[in-house]
Structure formats: C-alpha cells, structure tokens
Amino acid sequence: MALKQVSSNKCFEGFQKVFEHDSTELKCKMRFGIYLPPKAETGKCPVLYWLSGLTCTEQNFITKAGFHQAAAEHGLIVVAPDTSPRGCNIEGEDESWDFGTGAGFYVDATEDPWKTNYRMYSYVKNELPQLINANFPTDPERVSVFGHSMGGHGALILALKNPGKYKSVSAFAPICNPIQCQWGKKALGGYLGSDTSKWEAYDATQLVKSYPDSHLDILIDQGKDDQFLSAGQLLPDNFIAACTERKIPVVFRLQQGYDHSYFFIATFINDHIKHHAKYLNA
C-alpha cells in the first residue's frame with residue numbers, strides 16, 4: 001500500500017512526519033502522524049498509538065501535546081491517526097461536531113449510510129498497524145495505546161477487547177461509559193442502530209466486567225475542572241467501580257484546576273509516555 005509523505009520536521013533528533021494513504025477499510029484517503037525517534041535510525045522500536053478526540057485530526061496531538069522529547073528519550077515510535085473518514089460524501093456527515101466527520105468514535109458502523117466507511121475500530125486495530133509495521137522500523141510485539149476523550153474511549157476499548165495485544169493503556173479524560181452519556185448515545189445509536197445491547201461491545205465500563213484477567217495496568221488522568229466531567233459525558237466513576245469489582249488495577253488521578261484541553265494533556269504527557277515505556281521497554 002503506497003504511502004505519500006505530506007510533511008517531515010526534525011524534532012529532538014528524530015522526525016515528526018505526516019503521511020497519506022488510501023485506506024481499504026475506510027475507502028477514502030487517510031492521514032496519520034508518526035514520530036520516529038533517533039533510535040529508529042539504527043534499530044526497531046516499540047510503537048505507541050495515540051487516539052484523538054472529537055473534532056480532531058492527526059494534527060492536534062502532534063502540534064499541541066509536547067510529547068516528542070519524552071518519546072525520543074524512551075525510543076518510542078508514536079503514531080497518531082485521524083479520528084474519522086473524511087470526504088466520503090455521506091449525507092449529513094458534516095452536520096454536527098459530535099457525529100460523522102471528526103467523530104468516528106472508534107467503532108465499526110453497522111447502519112446505513114455509515115457502515116461502508118465508518119470502520120475506525122478495524123482501521124486502528126488492523127489496517128493501520130499493518131501499514132506501520134510494513135513501512136517503519138517497528139517491533140510489532142511491543143505495542144501500546146492511549147488517547148483523549150473520544151480517543152480515550154477508543155484506547156480503553158481496544159485494550160479491553162484484545163487482551164494481550166497492547167502492553168499498556170492510558171487515557172486523558174476518557175468517555176468511560178458511552179452507553180450512559182449523550183455523546184455516546186448519539187454516536188452509538190447512529191453508527192450501530194437502536195439495539196442498545198450492541199452498544200455494549202464498545203463501552204469500556206461494560207467490557208471490563210468480562211475482561212479475562214487482571215494483567216492490564218491502566219492510567220487515567222482527569223481534570224477536575226473539565227466541563228465535560230461536570231456535564232456527565234465522561235463518567236469515570238462508573239469505570240473505576242467496574243475495575244475495582246474485577247480487581248483490575250487503575251491509577252486514576254483527578255487533577256485539580258485542569259480542564260479538557262491540550263494544556264491539560266501537555267502538562268501530564270510525560271507521565272503517560274513513562275507509563276508506557278515501562279512496559280514497552282521491559
């Protein structure tokens with residue numbers, strides 16, 4: 001599968017690049033950011049996938065999060081895909097900020113007209129890693145995932161639905177219980193239909209209840225002054241309760257005074273890189 005380089009910038013002795021490719025899963029052109037640390041010039045490196053939130057593209061994380069120095073120091077390749085298919089000419093795809101374009105929710109849609117293109121779960125789980133492993137000096141056995149908001153939801157469900165695939169998982173202000181919040185009801189209803197039992201396959205709080213073992217160390221940072229926390233969109237307490245019941249370790253840090261923005265992410269990103277490096281470089 002051909003990759004077209006869109007940009008390349010030297011950063012902390014490595015390179016932050018953006019590529020475009022034709023996605024077979026999503027049937028459109030997709031972009032992803034990839035940071036190649038200096039270590040990638042001489043050997044294979046573990047891969048950390050970042051999933052962004054609503055309205056984001058591959059650009060938000062690579063320009064705002066400030067992760068490059070820590071990734072360079074720990075020798076991690078960091079991949080940041082877009083959040084949804086784009087330009088599919090589906091009626092209504094650009095009508096709202098929390099559904100359609102920029103809001104793929106990391107699910108495989110089953111409803112018309114979304115099911116042909118909106119397959120972000122399979123794209124992130126299968127197609128993108130295959131593409132990355134075929135074109136860059138990765139160690140495909142050492143992979144982790146993290147994300148923010150809708151992408152935090154994506155990271156948690158990928159780790160919980162695929163035991164053993166990811167060495168570690170973390171999230172900033174994740175949507176923890178989408179079947180119970182307005183964002184989730186809108187997205188899951190639109191992509192998966194009205195049968196709410198089908199939504200549970202993409203809900204971290206539901207998935208953790210049947211997770212087969214406790215070998216998953218989860219780190220979550222949540223801003224205490226996050227407007228979406230107080231609006232009941234994120235519901236971390238539900239997730240923590242489910243994890244506690246199953247004895248799955250979660251480090252949950254409620255950060256005083258922080259909101260939902262990339263200023264919050266940039267403040268604690270080094271902790272998350274270290275969390276993943278501990279497992280990826282073990």
Side-chain angles (χ1 to χ4, degrees), residues 48-56 60-61 64-67 69-71 74 78 80 83 98 103 105-106 144-160 166-185 187 202-209 211 214-280:
L48 180 53
Y49 286 88
W50 169 269
L51 305 180
S52 289
L54 289 163
T55 75
C56 290
N60 299 70
F61 181 69
K64 294 180 179 179
F67 69 93
Q69 186 170 9
H74 292 286
V78 183
T83 53
D98 55 357
F105 249 82
Y106 305 102
S144 289
V145 63
F146 65 153
H148 171 230
S149 195
M150 175 184 74
H153 142 80
L156 290 173
I157 64 167
L158 277 160
L160 292 167
Y166 301 96
K167 298 286 185 194
S168 51
V169 61
S170 74
F172 292 87
I175 302 171
C176 290
N177 197 184
I179 65 174
Q180 298 288 352
C181 75
Q182 288 311 116
W183 280 342
K185 289 174 183 176
Y202 294 104
D203 184 300
T205 300
Q206 294 297 319
L207 289 167
V208 86
K209 293 174 183 176
Y211 190 72
S214 60
H215 297 297
L216 187 64
D217 189 350
I218 304 168
L219 170 63
I220 295 175
D221 271 311
Q222 172 64 61
K224 195 172 182 188
D225 289 5
D226 185 328
Q227 67 273 38
F228 300 115
L229 177 67
S230 54
Q233 296 282 25
L234 307 175
L235 304 173
D237 292 352
N238 297 0
F239 181 69
I240 293 157
C243 287
T244 304
E245 200 170 305
R246 295 280 292 115
K247 297 186 170 56
I248 290 170
V250 183
V251 174
F252 178 77
R253 309 191 305 185
L254 194 60
Q255 304 288 9
Q256 187 75 36
Y258 286 91
D259 58 19
H260 200 72
S261 71
Y262 266 86
F263 295 108
F264 159 59
I265 294 169
T267 304
F268 300 104
I269 193 69
N270 286 3
D271 292 351
H272 285 246
I273 299 285
K274 270 187 214 159
H275 168 77
H276 295 293
K278 182 170 69 180
Y279 295 95
L280 291 170

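Within 6.0 Å of the NZ atom in K185, the count of heavy atoms belonging to other residues, nucleotides or ligands exceeds 12. Counting heavy atoms of neighbouring residues, nucleotides and ligands inside a 6.0 Å radius, atom CZ of F263 does not exceed 12 of them.
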Do C181 and I175 pass the side chain to side chain contact (heavy atoms under 4.5 Å, CB included) test, and can you show the C-alpha distance, the side-chain angles, and the key distance before you say yes or no? CA-CA 8 Å; C181 75; I175 302 171; 3.9 Å; yes
I265 and F67: CA distance, side-chain angles, deciding distance, side chain to side chain contact (heavy atoms under 4.5 Å, CB included) verdict: CA-CA 9 Å; I265 294 169; F67 69 93; over 6 Å; no
Should D217 and V250 be marked as a side chain to side chain contact (heavy atoms under 4.5 Å, CB included) after you check the CA-CA gap, both sets of side-chain angles, and the distance that decides it? CA-CA 6 Å; D217 189 350; V250 183; over 6 Å; no
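The minimum heavy-atom distance between K64 and A266, with the atom names listed, is O-CB, 3.9 Å. Listed here is the closest heavy atom pair of L54 and A103: CD2-CB, 3.4 Å. In terms of heavy atoms, I269 sits closest to G66 at CG2-O, 3.8 Å. Taking each heavy atom of V78 and A71 in turn, the nearest pair found is CG2-CB, 3.9 Å. For the pair P236 and F252, the tightest heavy-atom approach, listed with the atom from each and the gap, is CB-CE1, 3.7 Å.
In this structure, the separation between CH2 on W183 and OG on S149 is 4.5 Å, given to the nearest 0.5 Å. Atoms CG and CG, on L51 and L158 in that order, are 6.5 Å from each other to the nearest 0.5 Å. Atom OG of S52 sits about 7.5 Å away from atom CZ of F61, to the nearest 0.5 Å. Here the CD atom belonging to Q233 is positioned 13.0 Å from the NE2 atom belonging to H153, to the nearest 0.5 angstrom. L219 CG to K274 NZ: the interatomic distance, rounded to the nearest 0.5 Å, is 12.0 Å. Expressed to the nearest 0.5 Å, how far SG of C176 lies from CD1 of I220 amounts to 5.0 Å.
Taking the centre of each ring, Y262 and H148 come in below the 6.0 Å mark.
For the side chain to side chain donor-acceptor pair (under 3.5 Å) test, residues two or more places apart in sequence or in another chain that qualify with S261 are D259. Legend: residues meeting ring pair (Phe, Tyr, Trp, His ring centres under 6.0 Å) with Y279, ordered by chain and number and at least two apart, are H275. With sequence neighbours excluded, no residue satisfies side chain to side chain donor-acceptor pair (under 3.5 Å) with T205. D226 is linked by a side chain to side chain donor-acceptor pair (under 3.5 Å) to Q222, H260, counting only residues two or more places apart in sequence or in another chain. D98 pairs by the salt bridge (charged side-chain N to carboxylate O under 4.0 Å, His left out) definition with K186, not counting sequence neighbours. With sequence neighbours left out, the salt bridge (charged side-chain N to carboxylate O under 4.0 Å, His left out) criterion links D221 to R253.
No side-chain heavy atom of V145 sits under 4.5 Å from any side-chain heavy atom of L48. Side-chain atoms of F264 and Q255, non-hydrogen and from C-beta on, do get closer than 4.5 Å to each other. The shortest distance between side-chain heavy atoms of L156 and L207 does not fall below 4.5 Å. You'll find the side chain of S170 stays beyond 4.5 Å of the side chain of F268, heavy atoms only. A 4.5 Å side-chain heavy-atom check between V208 and F239 finds at least one atom pair inside the cut-off. Here the side chains of P174 and L234 are not in contact, with every heavy-atom distance at 4.5 Å or above. Counting only heavy atoms from C-beta outward, the side chains of L216 and L160 approach each other to under 4.5 Å. Under the 4.5 Å side-chain criterion, counting only non-hydrogen atoms from C-beta, I273 is in contact with H74.
Using a 30° and 60° split on the angle between ring planes, F172 and W50 fall in the tilted class, from 30° to 60°. Taking the six-membered ring where the residue is Trp, F146 and H276 present perpendicular rings, their angle passing 60° and hence far from 30°.
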